[in-house]
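Quick note: numbers below take in every heavy atom, side chains included, and nothing from hydrogens, waters or symmetry partners. All values reported here derive from a predicted model rather than from experimental measurement. Throughout, protein chains are lettered first and strands after them, A, B, ... in sequence-line order, and every chain is numbered starting at 1.
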Protein chains: 2
Amino acid sequence: MNARATKKTENLAERIYLQLKQDIFDFRLMPGDRFSENEIAERMGVSRTPVREALFRLQREAYVDVLYRSGWQVKPFDFKYFEELYDVRTILECAAVRKLCEHDGELSKLDDLVSQWCVPSEQRLDDGPVVSGMDERFHEKLVEAAGNSEMARIHHDLTERLRIIRRLDFTKPPRVDATYNEHQAVLEAILHRRVEQAQILLRAHIEESRNEVRKITVHMLHEASARSQLHSVEASSIDRIDG
Amino acid sequence: MNARATKKTENLAERIYLQLKQDIFDFRLMPGDRFSENEIAERMGVSRTPVREALFRLQREAYVDVLYRSGWQVKPFDFKYFEELYDVRTILECAAVRKLCEHDGELSKLDDLVSQWCVPSEQRLDDGPVVSGMDERFHEKLVEAAGNSEMARIHHDLTERLRIIRRLDFTKPPRVDATYNEHQAVLEAILHRRVEQAQILLRAHIEESRNEVRKITVHMLHEASARSQLHSVEASSIDRIDG
DNA sequence: GCACACCTTTCTGTATACAAGTTGGTATGC
DNA sequence: GCATACCAACTTGTATACAGAAAGGTGTGC
């Protein structure tokens, strides 16, 4: 009877974790920002214990760093890091596509994706953030369909880590439309068991998204840099951003 | 001046973490075993705080599970899980080999590996555990040489998780010798930029190791099962082991 | 003898107290 | 005026105290 009564009280640490991650994603906590456990605890109205638990999780996921007895820091942006993540993502997804194409039985697992992406242009959605989320799910479902749950888990982790910059894609309608076309082409290639073609298409699709994000990120960070200099903040975070 | 004075006192939580992992690896903590934070804390002579930190890390690495307000449990063996890890490992290593073969410049990064593995048979080592460790490093260095540090990190995680069953390989001299031959063949194929051949050889090498471990694991777990039934322990952990 | 309810114990989740160390500012000596 | 040393405030790391919930044993009613 108390199954839904305890709907919210469970997992204080989890709540802090999600909140902090959202703060980082929304740039309320900027790359390079330093803060203490007490600050967070007071701001969230909890004790240090769940805050520390949340911070350790974020540290393990490479969002923050602990400075020995001298506070925490939001990890500065590192382009090389994101490039590498994109790279691994491509490798895993191409492997998933190969598994799917070489799979003997039906590919009914892909039905959902087909009905979502292979639609006439008038039925296509055009809301940037919505399509961005759909794009994430497309790639995740592709890997899940390959049947290796550990591969799917690792790919999911990559997706999480890339989200902070990936959602900068889909800010322009042409990218939304291109995404529909590219997903459709990939799905058709898989359904026709054309391994090489499907991999080439997928690789190209990810590469385009990556390039788009790369452009936007550079732009965005230059703006952030300008803001920082305006506020005469010490430029430590920006140094590393540009570096 | 106190740089080396604080050699050991640092990181109590880290120490507990390593100790617990070792306990799991050495089967002092058997799959399915249940325990509480207090038990560990008292046994290690510390408070619950660092124990909890260590347990959360182990939980994230899929070694243990927390049962809501009812203790912790060493994760039961799951063959499917290890099979999947092997699979992802193969995918990453094959991708690394491709990168290496398609790399334009010199492959001097592989010099260390060549000098270690491409030796006449009288210079080969034959101590099982030693070669097992060398084998781990061989595969890790192969991926590191590909130049993507995130890929290397993920591969390293896989290696860690697989170690508990992987070291069961190399218990017989023929496997040691075969490992030398196979590593040598892989390296030569890479140095000659034969992508396909290198991948096929590597895939076969991992597959052989996997099969060997599979056989030994089944044997070992049947023994554990027999022991458990002898002690008339409830068979929960063994059920999942065989299942 | 069986079933159900209560109660005690034990568990994790959270808050707080204490210890050890770093940092930055200030005061003092020159 | 500058450099150095000391001190106070603040930080994380660790230990302990408390709260709420789950589990298992025990006792009672039938």
Side-chain angles (χ1 to χ4, degrees), chain A residues 1-20 29 32-75 232-234 236-237, chain B residues 1-20 29 32-75 232-234 236-237:
Chain A
M1 63 182 77
N2 59 353
R4 65 187 136 190
T6 58
K7 56 188 172 183
K8 217 173 179 180
T9 54
E10 300 189 71
N11 267 0
L12 239 179
E14 172 86 6
R15 207 192 74 198
I16 310 289
Y17 163 78
L18 291 172
Q19 180 65 52
L20 281 175
L29 284 174
D33 277 1
R34 290 177 67 164
F35 58 91
S36 76
E37 297 171 0
N38 271 323
E39 271 177 58
I40 308 293
E42 282 171 26
R43 182 148 63 84
M44 307 266 193
V46 298
S47 81
R48 276 177 56 215
T49 308
V51 170
R52 279 172 63 81
E53 193 181 321
L55 285 173
F56 286 135
R57 282 183 65 180
L58 290 169
Q59 178 187 30
R60 211 181 146 60
E61 293 170 16
Y63 290 109
V64 299
D65 269 331
V66 58
L67 288 67
Y68 188 62
R69 278 186 211 280
S70 143
W72 293 74
Q73 181 180 38
V74 183
K75 267 214 174 179
S232 72
V233 170
E234 74 166 80
S236 71
S237 72
Chain B
M1 62 181 79
N2 61 351
R4 67 187 135 191
T6 58
K7 56 187 171 183
K8 216 174 178 180
T9 53
E10 301 188 70
N11 266 2
L12 239 178
E14 172 87 5
R15 206 192 74 198
I16 311 289
Y17 163 79
L18 291 172
Q19 180 66 50
L20 281 175
L29 284 174
D33 277 1
R34 291 177 65 164
F35 59 91
S36 76
E37 297 172 1
N38 272 323
E39 272 177 58
I40 307 294
E42 282 172 27
R43 182 149 63 84
M44 307 266 194
V46 298
S47 80
R48 276 177 56 214
T49 308
V51 170
R52 280 171 62 81
E53 193 180 322
L55 285 174
F56 287 135
R57 283 184 64 180
L58 290 168
Q59 180 187 30
R60 204 172 154 66
E61 293 169 18
Y63 290 109
V64 299
D65 269 332
V66 58
L67 288 68
Y68 188 63
R69 279 185 211 278
S70 142
W72 293 75
Q73 182 180 39
V74 183
K75 268 213 173 180
S232 71
V233 170
E234 76 166 79
S236 71
S237 72

So how far is it from B:Met44 CE to B:Gln19 CD, rounded to the nearest 0.5 Å?
4.5 Å

Interatomic distance where CG belongs to B:Asn38 and P belongs to D:dA17 [whole Å]
12 Å

In short, B:Ala13 meets B:Ala54 closest at the heavy-atom pair O-CB, 3.8 Å

Once you round it to whole Å, what is the distance between P of C:dT10 and CZ of B:Arg34?
15 Å

Length of the OH-P vector between B:Tyr68 and D:dG20, whole Å
12 Å

Interatomic distance where CE belongs to B:Met44 and C1' belongs to D:dA15 [whole Å]:
17 Å

Whole-Å gap separating C1' (C:dG13) and CG (B:Leu67)
15 Å

Please determine whether a side-chain nitrogen or oxygen atom of A:Trp72 lies at a distance below 4.0 Å from atom OP1 or OP2 of D:dT11.
no

From OH (B:Tyr63) to CH2 (B:Trp72), nearest 0.5 Å
15.0 Å

Output a table of nitrogen or oxygen pairs between the protein and nucleotides 16-19 of chain C separated by less than 3.5 Å.
none

Kindly say if A:Arg52 contacts the phosphate of D:dG13, meaning a side-chain N or O under 4.0 Å from OP1 or OP2.
yes

From A:Leu55 atom CG to A:Asp65 atom CG, the distance as rounded to the nearest 0.5 Å
11.5 Å

Mind checking whether B:Phe35 and B:Val74 have side chains closer than 4.5 Å, heavy atoms only?
yes

Between B:Val46 and B:Leu12, what is the shortest heavy-atom contact and its length?
CG1-CD2, 3.5 Å

Nucleotide nearest B:Ser70 when distance is taken to its side chain, options D:dT14, D:dA22, C:dA15:
D:dA22

Between P of C:dT12 and CD of B:Glu42, the distance in whole Å
12 Å

Measure CD1/A:Ile16 against C1'/C:dA15 and give the value in whole Å, please.
13 Å

Using whole Å, report how far CD of B:Gln59 lies from P of C:dT12.
12 Å

Side chain of B:Glu37 - closest among C:dA15, D:dT12, C:dT12:
C:dT12

With distance as the sole test, does A:Arg57 use its side chain to make a donor-acceptor pair with the main-chain N or O of B:Arg60 at under 3.5 Å?
no

